[in-house]
Amino acid sequence: MAKKLWGGRFQKETDDLVNDFNASIQFDQRLYKEDITGSMAHAKMLGAQGIISMEDVGAILGGLQSILEDVEAGKVEFTADNEDIHMNVEALLTQRIGDAGKRLHTGRSRNDQVALDFRMYVRSHIPTVVGQLLELETVLCRQAKKWQTAVMPGYTHLQRAQPISFAQHLMAYANMLRRDITRLEDCAVRMNECPLGSGALAGTTYPIDRWMTAKELGFDAPMSNSLDGVSDRDYALELMSALSILMMHLSRFSEEIIFWCSWEFKFIELDDAYSTGSSIMPQKKNPDIAELVRGKTGRVYGDLMALLTTMKGIPLAYNKDMQEDKEPVFDAIDTVEMCVPVFSAMIDTMTVLPENMRKAAGRGFINATDCADYLTKRGMPFRDAYTVTGRLVAACTAQGKTLEDLTLDELRAVSDLFAEDVYEAINLENCMALRKSYGGPAVSETTRQIEAIEAFVAERTAN
Ligand code: ARG
């Protein structure tokens with residue numbers, strides 16, 4: 001059994017069960033690049049401050065570079081005997097360059113090391129997710145532009161409510177995703193402070209330069225308090241909160257996709273390449289992607305809950321509980337990064353069936369508000385107009401008719417304010433087109449929304 005890096009004060013070897021129980025290398029090996037980059041910055045700073053010799057710095061940088069290359073070439077086998085990625089890299093380094101390798105950990109602890117590695121990992125995935133979301137925004141704008149005059153029923157309580165366009169419905173999601181993107185950008189700004197140099201918890205007596213390492217590693221500043229530096233996992237929680245909200249949006253959208261492509265609705269049809277069949281029912285075409293996105297949302301919420309719960313009772317500063325931070329965060333990031341591109345492709349390739357949307361819009365009295373508004377604009381108080389229209393709806397329902405089916409005489413029987421122009425006022429295309437209030441479904445307004453999202457995307461993809 002290999003000697004532990006921390007074996008000095010121990011008289012016995014670690015029990016094998018404990019060795020495996022304690023180790024995190026199985027999952028934290030994916031931090032190898034952050035670990036090596038962080039160590040390089042630390043070594044340069046130790047050299048610049050005269051804490052170790054420049055010769056040692058050269059050897060350390062060369063050794064770390066060779067380890068990085070070997071890991072990337074798949075030539076390195078990590079071992080649970082060295083517990084985690086930090087001690088695996090350090091042990092490899094010392095094997096390769098001897099004593100200089102043993103000087104790397106001067107003025108540093110695994111506590112600030114892991115805090116740094118993990119923070120850099122989380123930070124590096126924000127642009128990936130944002131990039132995927134910008135692509136989804138582009139897809140939504142592309143689809144929305146095609147369907148600005150496609151009337152569909154807008155719903156409340158899943159009951160047909162008022163006429164909207166399919167573009168308006170899509171742009172609602174585009175606006176949610178825009179907030180998701182800015183939420184991710186906000187947390188990237190807040191997390192960009194460097195924990196390295198916090199030491200185990202109480203800083204160090206060596207004359208380290210925390211500004212130098214912070215700058216070298218792309219942080220805005222070192223974290224201000226060393227205890228906070230090693231204890232803080234807010235950034236991971238913030239990321240997972242933002243990812244949970246994002247998944248909630250995708251899950252609601254998925255739910256709609258699922259019923260839109262059912263025979264009961266048939267507002268859309270998913271592309272064959274983005275649907276699946278049944279092993280027994282030959283007719284089936286299932287929206288598995290949307291269902292999986294909806295299902296995986298629970299998983300991402302679970303990841304957030306797991307870390308919130310881990311963190312809630314731990315005293316300052318580092319406690320081993322915190323080793324449990326990594327798997328949920330990796331899982332949440334992996335899950336989201338898998339969901340968004342496939343979701344975008346599904347939306348991009350779906351076939352929209354505007355005739356079916358229009359047909360659905362024709363039943364359900366979604367122009368009843370407009371009928372009441374018609375009477376109101378001709379002098380009847382809105383509340384009375386509402387009651388009159390309600391009576392008309394009840395009569396139509398009993399006779400299996402729509403409001404448009406009623407003759408002018410039938411309409412005038414309930415109010416003599418009705419005139420020939422009522423048919424224009426309750427025509428669904430007009431009802432939608434005239435909803436020009438800011439944020440409404442009229443073409444001028446969906447055009448404004450599409451342009452705003454396109455500008456938002458362009459600002460972020462310009463360079
Ligand atoms: N593998 C540990 C983790 O992920 C690294 C920090 C260990 N620090 C310690 N004092 N045991 O949290």
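Numbering of ligands and ligand atoms starts at 1, following listing order.
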Does Phe118 reach the side chain of Glu34, with side-chain heavy atoms less than 4.5 Å apart?
no

Test Asp288 against Thr276 for side chain to side chain donor-acceptor pair (under 3.5 Å), laying out the working first.
CA-CA 6 Å; Asp288 285 24; Thr276 50; 2.8 Å; yes

Sorted by chain and residue number, the residues having a heavy atom closer than 4.0 Å to an atom of ligand 1 are Ser24, Asp28, Asp84, His86, Arg110, Asn111, Val114, Tyr318, Gln323, Lys326

Is the ring pair Tyr155/Phe265 parallel, tilted or perpendicular, if the boundaries are 30 and 60 degrees?
tilted

Side-chain donor-acceptor pair under 3.5 Å between Thr310 and Glu324, yes or no?
no

Under 6.0 Å between ring centres, would you say that holds for Tyr121 and His125?
yes

Less than 6.0 Å separating the ring centroids of Phe166 and Phe267?
no

